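Let me begin by presenting the structure, written as structure tokens, before commenting on it.
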Amino acid sequence: MNAKITLIVNGDERTVVTDPERSLLDVLREEFHLTGTKYGCGEGQCGACTVLMDGRRTLSCVTPVVRADKKAITTIEGFADGDSLHPVQQAFLDEGAIQCGYCTSGMILAAAALLKDNPKPTDKQIKEWMNGNICRCNGYTKILNAVRRAAAQIAEVKIP
Ligand code: FES
Ligand code: FES
């Protein structure tokens, strides 16, 4: 039986009447047309579908939409502040950490969640945290550099 679900998506209240077990990813893409969040494996293994739910990293492909009811969801579409990119977005651009781009929105949101909780992560901590996000283009070195750069920018440390 369908249920009425209310989500706060990128600051806007959005309502959908749907199967409560439907994935959050499906609702974001198919109902709200927020296609920046990607479908990769559909099994919680690749991180392409990463969003933030109440600020926490969440794999939207394995999250029933009912679990997101009344929660704040951030997707890549809501991540920039107007024309100003989020520091993590800017760092990915500056480091050239984007190839085909399929993993990028998930990588950026996962990295942002890390830096929110741990603004000065070690390389080991970055690698461990980002381990759940797969890049099929094998851009891991640049992605690591981007997360380092974002951490430095957020800490307002000058980057040589
Ligand atoms: S699509 Fe969700 S983890 Fe792969
Ligand atoms: S940039 Fe292509 S999958 Fe990561």
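In each ligand, atom 1 is the first atom listed, and ligand 1 is the first ligand listed. Note that the coordinates shown come from a computational prediction; the quantities given were computed from them, not determined experimentally.
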Would you say G139 touches ligand 2, if touching means a heavy atom closer than 4.0 Å?
no
As an exercise, identify every atom of ligand 2 less than 4.0 angstrom from a heavy atom of G101.
1 (S), 2 (Fe)
Under 4.0 Å to a heavy atom of G47 - the qualifying atoms of ligand 1, by number
3 (S), 4 (Fe)
By number and element, which atoms of ligand 1 are closer than 4.0 Å to a non-hydrogen atom of G44?
3 (S)
If you define the side chain from C-beta out and look only at heavy atoms, does anything of K38 sit under 4.5 Å from C46?
no
For C137, the atoms of ligand 2 under 4.0 Å from one of its heavy atoms are 1 (S), 2 (Fe), 3 (S)
Backbone or side chain, does C103 get an N/O/S atom under 2.8 Å to atom 2 (Fe) of ligand 2?
no
Numbering the atoms of ligand 1 from 1, which are under 4.0 Å from a heavy atom of G40?
1 (S)
Give the atom numbers and elements of ligand 1 that come within less than 4.0 Å of a heavy atom of C46.
1 (S), 3 (S), 4 (Fe)
Going by the order shown, which atoms of ligand 2 are within less than 4.0 Å of some heavy atom of C100?
1 (S), 2 (Fe), 3 (S)
Backbone or side chain, does C61 get an N/O/S atom under 2.8 Å to atom 4 (Fe) of ligand 1?
no
Would you check if atom 4 (Fe) of ligand 1 lies under 2.8 Å from any N, O or S atom of C49?
no
4.5 Å side-chain heavy-atom contact, R22 and E30
yes
Are the side chains of T6 and D69 in touch, meaning some heavy atoms are under 4.5 Å apart?
yes
Just jot down the ligand 1 atoms closer than 4.0 angstrom to any heavy atom of C41, in number order.
1 (S), 3 (S), 4 (Fe)
Short list, please: which atoms of ligand 1 are under 4.0 Å from a heavy atom of Q45?
3 (S)
Side chain proximity check, Q89 to I76, heavy atoms < 4.5 angstrom
yes
